[in-house]
Amino acid sequence: MEFTKPRGTRDFLFDEMEKRKEVEKILRNTFENYAYREIKTPLFEDLKLFTTKSGEEIVEQLYNFEDKSNREISLRPEITAPVARLYLNELQKVAKPIKLYYFGSCFRYERPQKGRFRQFWQFGCELIGAKSPEGEAEVIAMCNDSLERLSIKTADININHLGIIRGLFKHFNIDFETQRKIMVIIDKGDKELLRESLNGNNPVTSNDELNEILLKLIDIIGDKNVLKDIENLLSKYEETNDALNEFKQLIKSLESFKVHNYTLNLGVARGLDYYTGIVFEVYIPELGTQKQVCGGGTYSLIKIFGGEEIESTGFAFGFDRLMNALEELKDEKENKSNIEVYIAPISNDTRQISFKIAQNLRENNIITEVDLSRKKFKKLLNHANNLGARKVIVVGEDELKNNQVAIKNMDSGDQELVNIDKIVSYIKED
RNA sequence: GCCGGGGUGGGGUAGGCGGUUAUCCUACGGGACUGUGGAUCCUGCGACUCGGGUUCGAAUCUCGGCCCCGGCCCCA
């Protein structure tokens, strides 16, 4: 074969697109139900937009290039930064809070593996300028709602408040560089590595008291009852009070928003310093190594791009991983075709009338296929069967003399004569 | 960027210590069957990922590229 698709990309065929559209529809309905409205940003942006947000190191994971006027351009690796840019360009004077959502593909030059592609889709949202625990709670509620509507029951939402650990850093006067190192290690979720990094031969910080608290903190995972443990642990560090209070309010609001399926997990972190409030991640254990299907949190990103200080809470689903999860979790139900009616003209003389019947059905939103290949009648039934059509309309001369056609139910094999004028109502009734 | 396993008709596969025409299933086309499907039979179409090497001879052995599947790194 001459051409193959580029590494890490995929073609989607009919059945798969059908499923993806269904998921997309559910997510759109959910987000719009919470009064979010859709935006769309370019597939490529100035390279600087992404390096400013994430550092020069990410260039090696970007699809970047110089355009014909020597502009440094990059395909977008995510949509948060473009949204922040859009906000600065267009939305600064719009009444807050602003709710927006997006769905589009992103590009990363990475090694493909399970749940990771070079072109992939993100479905995400931003709540801009509503920094409050209840704002964060509603965002999480919408995330939870999305998963429920997709019938994903094994998803686990892990929530943390980074203000807590930042309060500790402040208390112990930890410099930014060290903070960042610790955050990165916590983010990895590797407790052994953390222990080694704090207590080993070459510790990132020599503050024993801090180390001990950190090691205890990241072990705290559980439902809202672990709040007490956290409070006990932090009672003497008043720099953590504000964050802890916000955290408690968040949890209270979560209950009001009817979110019960969540885990408080002080081990969820982010390596980047613009996260200011809660962070959360959703895992689906069945997915294996790339089990994270969603990440989000509250951050102050816009200031980095030169805007006024404003906080935003958002998250994005890895759309392809959601699809993987649904595939993984689906119960064995057969892939039913959506073709409702197949029209089989018995002879060449009945073709034209068959097309008229087809158009009539389609005008009534009945998914209809009609033979266009001039196959023999027997083959037509075979084909209709392979397509999974529910009903076949047999258009033959004998019946047409009485202004009738035969409609065959492909499940039962039964067949009835129906007047041509009654076809639509006959199909709809069934 | 690193480590492993792979790549045979459209889809799924057998063969693999080199040796005639590369196996089977399925799909697709035609037919047995002049207007009734999922069956049967016949028949047609159609493949060794690419390039170099070893050899009289490579799907098979060897090296490299590309791609796929796992995993590591990374994950904004």
Side-chain angles (χ1 to χ4, degrees), chain A residues 1-11 13 15 45 49-62 74-84 106-118 120 122 124 183-184 187-190 193 269-275 279 281 287-297 299 301 304 314-316 318 321 342 344-350 371 373-400 405-417:
Chain A
M1 201 177 286
E2 284 281 326
F3 293 104
T4 55
K5 60 190 180 314
R7 188 165 163 76
T9 63
R10 293 157 293 165
D11 295 318
L13 263 42
D15 287 350
E45 299 268 0
L49 181 71
F50 302 114
T51 53
T52 302
K53 180 188 177 224
S54 307
E56 290 292 332
E57 319 84 67
I58 60 153
V59 171
E60 63 185 60
Q61 313 212 56
L62 293 178
S74 174
L75 299 184
R76 61 186 185 192
E78 44 96 17
I79 304 187
T80 308
V83 165
C106 302
F107 305 84
R108 293 182 188 177
Y109 195 88
E110 294 186 293
R111 169 126 199 148
Q113 62 186 71
K114 187 178 187 180
R116 177 184 282 185
F117 304 93
R118 290 187 170 181
F120 60 97
Q122 287 198 336
M183 281 300 214
V184 167
D187 185 33
K188 286 185 201 298
D190 185 337
L193 181 63
R270 283 288 140 96
L272 297 162
D273 6 298
Y274 45 76
Y275 284 91
V279 290
E281 295 178 346
L287 288 183
T289 178
Q290 304 291 338
K291 64 179 181 177
Q292 186 180 333
V293 296
C294 174
Y299 42 80
L301 180 59
I304 296 177
F315 69 86
R321 291 189 186 171
Y342 187 94
I346 276 178
S347 67
N348 280 332
D349 293 336
T350 62
D371 173 58
S373 64
R374 304 189 176 182
K375 283 191 180 69
K376 291 190 177 172
F377 181 65
K378 185 134 184 169
K379 294 282 181 186
L380 291 184
L381 278 182
N382 204 336
H383 190 225
N385 188 47
N386 287 340
L387 285 176
R390 317 285 295 280
K391 291 200 170 58
V392 171
I393 299 184
V394 179
V395 186
E397 278 146 359
D398 295 350
E399 293 89 338
L400 281 179
V405 293
I407 299 185
K408 187 179 179 72
N409 182 319
M410 293 299 274
D411 291 330
S412 65
D414 297 341
Q415 184 168 316
E416 281 188 78
L417 289 173

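Labels below follow one simple rule: chain letters A, B, ... track the order of the sequence lines, proteins then strands, and each chain is numbered from 1.
Considering only residues two or more places apart in sequence or on other chains, Q292(A) meets the side chain to side chain contact (heavy atoms under 4.5 Å, CB included) condition with R270(A), E281(A), Y283(A), R321(A). Remark: Y274(A) engages no residue in a ring pair (Phe, Tyr, Trp, His ring centres under 6.0 Å) (not counting sequence neighbours).
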Do nucleotides 71-76 of chain B as a string where each nucleotide becomes B, S or -: B if the base has a protein heavy atom under 4.0 Å, S if just the sugar-phosphate does, - if no protein is that close. BBBBBB

Letter per nucleotide, 5' to 3', of nucleotides 33-51 of chain B [B base touched, S only sugar-phosphate touched, - untouched; heavy atoms, 4.0 Å]: B-BBBB-------------

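Proximity of a side-chain donor or acceptor of T350(A) to a complementary backbone N or O of S347(A) within less than 3.5 Å is detected. In terms of modelled atom types and a separation under 3.5 Å, the side chain of R118(A) and the main chain of E110(A) share a donor-acceptor contact. At distances below 3.5 Å, not a single donor-acceptor pair connects side-chain atoms of R108(A) with backbone N or O atoms of Q61(A).
Straight-line distance between the C1' atoms of rC17(B) and rA59(B): roughly 15 Å, to the nearest whole Å. When the C1' atom is compared between rA22(B) and rA58(B), the two are found 13 Å apart, to the nearest whole Å. Rounded to the nearest Å, the gap between the P atom of rU23(B) and that of rG35(B) is 36 Å. A gap of 15 Å separates the P atoms of rG10(B) and rC28(B), to the nearest Å. rU60(B) and rG53(B) have their P atoms separated by 14 Å, given to the nearest Å. As rounded to the nearest Å, rC69(B) and rG12(B) have P atoms that lie 13 Å from one another. Distance check on atom P: rG9(B) versus rC50(B) gives 10 Å, rounded to whole Å. Annotation: rG4(B) and rG11(B) have their P atoms spaced 29 Å apart (nearest Å).
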Where do L13(A) and D15(A) land on the side-chain contact (heavy atoms from CB on, under 4.5 Å) test, with the steps shown first? CA-CA 6 Å; L13(A) 263 42; D15(A) 287 350; over 6 Å; no

Under the side-chain contact (heavy atoms from CB on, under 4.5 Å) rule, what do I346(A) and E397(A) come out as? Steps first, then yes or no, please. CA-CA 8 Å; I346(A) 276 178; E397(A) 278 146 359; over 6 Å; no

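Contact between the side-chain N/O atoms of K379(A) and the OP1/OP2 oxygens of rG31(B) is not found at any separation under 4.0 Å.
Nearest heavy atoms, F50(A) versus I58(A): O-CD1, 3.4 Å.
Residue-level contact check: G318(A) touches neither bases nor backbone, having no heavy atom under 4.0 Å from any strand.
To the nearest 0.5 Å, atoms CE (M410(A)) and CG (L387(A)) are separated by 9.5 Å.
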In dot-bracket, 5' to 3', how would RNA chain B read with Watson-Crick or G-U wobble pairs under 3.5 Å, [ ] for crossing ones and | for pairs to another strand? (((((((..(((......[....))).(((((.......)))))....(((((..]....))))))))))))....

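Counting only residues at least two apart or in different chains, salt bridge (charged side-chain N to carboxylate O under 4.0 Å, His left out) contacts with residues 50-59 of chain A comprise K53(A)-E78(A).
Within the 4.5 Å cutoff, side-chain heavy atoms of L380(A) are placed close to those of P345(A).
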